[in-house]
2 protein chains.
Amino acid sequence: MTPNLSSSSAFHDEIRRAIDTKTKPVGSLGRLETLAFQIAALQGTLKPQMKSCRLTIFAGDHGMASAGVSAFPQEVTRQMVFNFLEGGAAANIFANTLDIDVQVVDAGVAGAPILNEALVARRIGAGTANAIVEPAMTASQRDEAIAAGREIGAGEKTDAVCYGEMGIGNTSSASLLAHKILGLPLAPLIGRGTGVDDDTLARKNTLLEEAAKRTADILPAEDALAEYGGFEITMMAGAMLGAASAGKLIIVDGFIAMSAALAAQMLDEKISANLVYGHRSKEVGHGLILKALDADPLLDLGMRLGEGTGALLAWPLVKAAAAMLNDMATFDDAQVSGPA
Amino acid sequence: MTPNLSSSSAFHDEIRRAIDTKTKPVGSLGRLETLAFQIAALQGTLKPQMKSCRLTIFAGDHGMASAGVSAFPQEVTRQMVFNFLEGGAAANIFANTLDIDVQVVDAGVAGAPILNEALVARRIGAGTANAIVEPAMTASQRDEAIAAGREIGAGEKTDAVCYGEMGIGNTSSASLLAHKILGLPLAPLIGRGTGVDDDTLARKNTLLEEAAKRTADILPAEDALAEYGGFEITMMAGAMLGAASAGKLIIVDGFIAMSAALAAQMLDEKISANLVYGHRSKEVGHGLILKALDADPLLDLGMRLGEGTGALLAWPLVKAAAAMLNDMATFDDAQVSGPA
């Protein structure tokens with residue numbers, strides 16, 4: 001691995017100079033320039049490698065789904081796992097257009113274990129318990145999920161990774177995690193998820209308030225994950241920690257992935273250097289977390305699907321930013337005059 | 001060519017149904033769904049072809065540059081043409097990461113003709129006249145530029161095209177075109193272009209006001225192009241008309257390309273069906289034109305470079321949107337349950 005010199009401000013100046021001497025007005029590539037800076041700082045080189053990316057989708061079920069917080073029945077999680085394996089979901093289609101491989105992890109889908117060779121079987125249980133009335137998982141289940149995630153993340157071979165999720169009911173989990181970890185008010189963090197109607201949204205609000213009352217106002221990330229997390233969210237948080245330890249750039253998807261990124265950063269704040277926020281989800285809670293973290297996602301396309309779809313679509317921007325730093329001519333190289 | 005059924009509302013309903021039966025909550029792919037709709041409507045099929053794209057960069061010089069409206073000297077246009085031909089500019093680098101071919105057109109660069117086999121030589125003159133004091137070009141030069149553009153556009157072989165530009169001084173031209181064609185106030189349309197300082201910005205304002213006073217408050221697009229256009233902008237407007245006549249999707253770049261798209265739409269309003277706005281430039285005038293046209297670009301990355309860089313970065317979204325319609329499984333295909 002290349003040395004990480006990101007703490008060196010002299011090296012930071014070098015990166016800035018490298019970007020500013022490219023044949024373009026200073027600053028004219030906007031967000032691509034800050035992205036190129038982040039990638040170079042992370043890899044500790046002015047010639048960062050950013051050619052390959054893989055998507056991992058973590059699937060898990062939520063006991064809260066039985067309480068009626070989603071527009072879709074719980075079996076959809078399992079059905080979508082098969083859809084991912086068959087290559088028919090939006091994430092597969094987007095990944096195909098980008099030459100990105102997709103792996104699917106069973107982190108804890110309800111029902112019997114899914115027997116399929118293409119599936120990465122790391123299930124912690126057959127879905128979490130109902131977090132409205134009791135902790136979603138035990139401390140040892142949480143630790144097991146984080147450890148499984150760390151192992152997946154640490155084994156990543158591509159330059160960047162996209163992490164996506166599937167789990168009916170998991171916007172409820174994400175809202176509760178953000179509420180307990182950041183101390184933001186709960187109600188504004190609750191949205192329509194897959195598209196619940198007004199009645200279901202009102203029920204979702206009541207149920208999540210009930211769930212929140214079970215515990216202290218603010219919780220350490222570990223406790224929040226055990227109380228309100230999903231197996232897929234907790235394993236994704238672990239994967240982010242593992243991928244960061246391997247020096248990978250992590251493209252964060254939408255609201256649910258953000259709740260995993262939030263927990264992961266609380267467990268190890270250093271990983272924020274590895275995170276790129278791919279897109280701004282239309283799910284209202286996402287904007288509130290982004291604001292709290294002062295984070296600025298690359299894309300804003302009114303999407304709210306999950307599966308890593310928003311992270312995938314940001315990959316070409318990440319690749320372009322690194323290529324700019326690697327391959328673009330300087331004013332000197334190209335004998336182009338600078339500002340008069 | 002496939003029949004264009006975009007006027008058929010029954011067909012529009014079919015497209016909407018096709019998008020809504022894909023395995024995702026209705027509307028959850030946001031802007032990608034409206035993009036898929038546009039592509040299907042344009043090509044008149046539920047299985048639109050969107051695999052290939054090419055970038056054409058139109059280069060031309062502006063007589064106004066001699067008045068000092070830019071931070072860069074005029075010779076930079078010519079130097080950048082060589083940079084494009086050598087593959088060292090931002091547009092080349094981005095295009096490489098996206099497997100997009102780049103062609104460069106000399107629409108009217110100042111100085112002697114550039115002798116290079118890779119260059120498409122369609123020069124109308126050695127730069128325009130100084131539009132601050134006289135028309136930028138004659139009516140016959142304008143017609144020649146539009147005709148050359150139409151021919152380039154009509155000959156496009158890819159499913160989509162990106163059009164970019166290079167021309168020192170051309171934000172001044174774009175500001176005047178938007179002012180005269182849309183009747184928007186001039187001052188807010190004037191920005192820092194390549195990054196002029198406060199003094200130069202003040203001079204740019206004074207000079208462009210002087211230029212605007214030469215003619216009537218509002219001009220037909222043809223007259224506006226002759227009075228204030230550039231050869232590169234006018235040829236690009238022609239290319240948009242030609243590419244639209246060939247049924248191509250046109251990804252519009254930033255502020256300058258928008259002024260060409262504006263003129264082209266005035267010449268033939270039907271081409272709006274072919275236009276996708278790639279990105280929102282940081283150049284202030286761009287936002288005002290977008291607002292006037294009620295247009296919503298795909299990307300907003302604080303970029304202001306031109307060359308087609310913003311259009312290029314939008315290409316993966318266009319490709320993904322079409323792939324979604326072509327390849328994504330429906331709830332029936334994948335045996336996934338719908339909303340409860």
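Order of the sequence lines fixes the chain letters, A, B, ..., with proteins taken first and strands second; residue numbering starts at 1 for each chain. The figures that follow rest on heavy atoms only: side chains count, while hydrogens, waters and symmetry mates do not.
There is no contact between F84(A) and chain B, counting heavy-atom distances below 4.5 Å. The contact between L298(A) and chain B is made by backbone and side chain atoms together, counting heavy-atom distances below 4.5 Å. Interface remark: E75(A) contributes side-chain atoms only to the contact with chain B (heavy atom separation under 4.5 Å). Using a 4.5 Å cut-off between heavy atoms, K282(A) makes no contact with chain B at all. In this structure, the portions of L305(A) lying under 4.5 Å from any heavy atom of chain B include both its backbone and its side chain. With a 4.5 Å cut-off on non-hydrogen atoms, V196(A) does not touch chain B at all. Both the backbone and the side chain of K319(A) come within contact range of chain B, with heavy atoms under 4.5 Å apart.
Remark: the backbone N or O of S28(A) is paired with a side-chain donor or acceptor of E33(A) at under 3.5 angstrom.
Here the closest heavy-atom approach between residue G164(B) and residue L55(B) is recorded as N-CD1, 3.8 Å.
Looking at H62(B) and Q74(B), their side chains never bring a donor and an acceptor atom within 3.5 Å of each other. Defined by atom type and a distance below 3.5 Å, a donor-acceptor pair is missing between the side-chain atoms of T309(B) and K24(A). Checked by atom type, the side-chain pair N170(B)/S173(B) shows no donor-acceptor distance below 3.5 Å.
Side-chain contact check for L317(A) versus V276(A): every heavy-atom pair is 4.5 Å or farther apart. Between Q38(A) and L249(A), the closest side-chain pair of non-hydrogen atoms falls below 4.5 Å.
Note: H286(B) and H279(B) have tilted aromatic rings, judged against thresholds of 30 and 60 degrees for the angle between ring planes.
Per-residue heavy-atom pair counts under 4.5 Å with chain B were compared for A71(A), A334(A), G195(A), and the maximum is reached by A71(A). Here M303(A) is the residue among M80(A), M303(A), R78(A), R31(A) with the most heavy-atom pairs under 4.5 Å with chain B. Here A90(B) is the residue among G306(B), A89(B), A90(B) with the most heavy-atom pairs under 4.5 Å with chain A. Considering only heavy-atom pairs separated by less than 4.5 Å from chain A, the leading option among D296(B), T194(B), L29(B), D333(B) is L29(B). The candidate from N96(B), T34(B), D327(B) with the greatest count of non-hydrogen atom pairs under 4.5 Å with chain A is D327(B).
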